[in-house]
Every structure is written in C-alpha cells, then in structure tokens.
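Reading through the structure tokens given below for one structure.
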Protein chains: 2
Amino acid sequence: MDEKAALAVFECLSSGVRLGVFRLLVKAEPVGVVAGDIAAALDVAPSSLSFHLRTMTQAGLLRVEQEGRFLRYRANLALMTEVVGFLTANCCSGVPGGCRDADVLAGRISDCGASNPMQESKA
Amino acid sequence: MDEKAALAVFECLSSGVRLGVFRLLVKAEPVGVVAGDIAAALDVAPSSLSFHLRTMTQAGLLRVEQEGRFLRYRANLALMTEVVGFLTANCCSGVPGGCRDADVLAGRISDCGASNPMQESKA
DNA sequence: ACGATAATTCAACTATTTTGGAAATATCGA
DNA sequence: TCGATATTTCCAAAATAGTTGAATTATCGT
C-alpha cells in the first residue's frame, strides 16, 4: 500500500453517495448487491451511481462480477485493513507506550478479551 | 460516531496535502508539530495550509494547542479507531465467518499471537 | 430476431474545493 | 514601544468533482 492507493481509498469514502455505497455493501457481505439495487436503495441516478462505482472499483474498494446483464458489487474489506496499517506505519517512533490508540488500531497491541470494544455507542 | 462525522474524517484524508499532514503528525506523536514546520515539511503556502488545518481540526482529526505565537498540532488517533468501528458496525449480518477481514479490523476476533500482522510489505 | 431491461459512456453543465497573495491579529525579544 | 515572526482570515481566480439526460452496449425472455 502506497500513499497514492491510500489517498484513492479516502477519496472514495469522502462523498456521501460513495460512503453510502460502501456501507450498504459492507452490510451486504458476502453476497453483494447489483447496481440497480444500489441505485434504488440510495436514490441516485443510474449514470451518477455508475460514475461512483467506477471510481470505487478502480481504487480497489469494490469488487465487481457480471451476472448476465447485472453487475454485482461487493466491498473489499481487506483493503481497509491495509489502509489502517499504512496510516499507522512508522507511528510514534521511539516513544514506548506513547501511541496506544495507533497500536490497538494496527493490531500490534491486541485487545484480547475486551468485550466488543468497537460497538457503536447509540448516538 | 455518526455518518456525518465519519464523512468529515474521510473528506479530511481525501486531499494529498491533508493526508500528508496527518501522516506527518502520526509520525510525530505524541509531540506534535507547529504549523510553520508542517508548511515547510510539505511545501505548502501558509494560507493554504491554514485552510486545511482548520478543516481537519473541525473534523476532530487534529488537536491544536497554542504555544506563544506558535500553534502546535497533534493527530487524534482515537478518532480513526472510532471511524473503523463505524465502518464495520452491522457488518455481514448473520453470516458466520463470512466477514473475517471486518471482524479482525474491528477487533471482534482478536489476532492474539500473530506477529505484526499490519507491517507494510515493502512495495 | 425483437422488444425490454441493466448498466455504462459521453458531453455539457453546475457546484464545490483549493490556491495564493494581501491584510489582519497576536506574541516575542530587545 | 517597535520591528520581526507565526499564523490566520479574506477574497477572487483556478482547478476538480459531481450531475444530468441522451445515446450506447449487451443480455434476457419469448
């Protein structure tokens, strides 16, 4: 993962429409959703959605597969993992314990035994 | 963390300049860097940098503190952790094992004992 | 083969973001 | 207090991104 690829991922998720697409597809894992259903779910014009899907696919955030005249899209979760690793690489050089958040984030300090630390907190 | 806040974070990291700022500050944790040094390091005009720093601070991605006539900026790693949790919440509903990447990413399956799983792989 | 359906591409248009210089604000050191 | 320094704010120009509808490509069902 280089800076260019990471930037492409963030560009993808920086539009309301594209963030909506990604969230929808994350929920729909591992089945995926065909383009038309995405458009209907998010109320976006087909050509506009197509534009966004292309951007996201090129960035590697989505995987696409043809099913007859449908195109089924899926989220690429592994890429997000890479991005987080990229962000926290070379972090906090030489300051032991000074960067807990980043360490947990990158999986270097594991949070074993903690109960669902990432659960969304209602609000 | 709601969708609006997550979107703001991604908007922040979707510009080359801002991604550069964040990476610089992650590396500089927990000391931080003053605005002028950020501008010098990234070769950005002061007024332009100021614009980006304001965006990032408003999104909560940066913390700022005044030191005389300097402003020292720091990265807020905890927010990134929240964002990842937000992204993977409600993921892969009812499909056991069908979403390993997301589970590892969100810390629900811990990767205890694995050796530095996030290390950047040379390329 | 033919009409209907799924999705994409294209081109023009609109909207938003980013930039950089000049001016403003505030702190520092002597 | 005064000049230098650090940073921000303001504003107009330049650059990018997003939307739309029409045309296009390809597959489906009959």
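Computed from heavy atoms alone, side chains included, the values below leave out hydrogens, waters and symmetry copies. To find a chain, count down the sequence lines: A is the first, B the second, and so on, and within it residues start at 1.
- Residues R72(A) and E65(A) are not paired through a salt bridge, judged by the lack of any N-O separation under 4.0 Å between the basic side chain and the carboxylate.
- Below the 3.5 angstrom threshold, one finds no donor paired with an acceptor across the side chain of S48(A) and the base of dG18(D).
- One interatomic measurement links the two molecules: CZ of F51(A) to P of dA12(C), which rounds to 17 Å at whole-angstrom precision.
- The interatomic distance linking E65(A) (CD) with dA7(C) (P) rounds to 14 Å, in whole Å.
- An OP1 or OP2 oxygen of dA6(C) is reached within less than 4.0 angstrom by no side-chain nitrogen or oxygen of Y73(A).
- One atom, CG of L49(B), and another, P of dT7(D), lie 9 Å apart when rounded to the nearest Å.
- Contact annotation for R72(B): no contact, since no heavy-atom pair falls under 4.0 Å across all strands.
- Comparing R18(A) and L53(B), the nucleotide of DNA chain D nearest to each residue sits closer to the 5' end for L53(B).
- For F70(B) and dT8(D), the CZ to C1' distance is 15 Å, given to the nearest whole Å.
- Note on V44(B): nothing from the nucleic acid sits closer than 4.0 angstrom, heavy atoms only.
- Both R69(A) and S50(A) sit near DNA chain C, but only R69(A) has its closest nucleotide nearer the 5' end.
- To the nearest angstrom, C1' of dA17(D) lies 16 Å from CE of M56(A).
- For H52(B), whose side chain is taken as the heavy atoms from C-beta onward, the closest listed nucleotide among dT8(C), dT18(C), dG21(D) is dT18(C).
- Of the charged side-chain nitrogens involved, none lies within less than 4.0 Å of a carboxylate oxygen, so that E11(B) and R18(B) do not count as a salt-bridged pair.
- Note: CZ (R54(A)) to C1' (dT9(C)) measures 8 Å, nearest angstrom.
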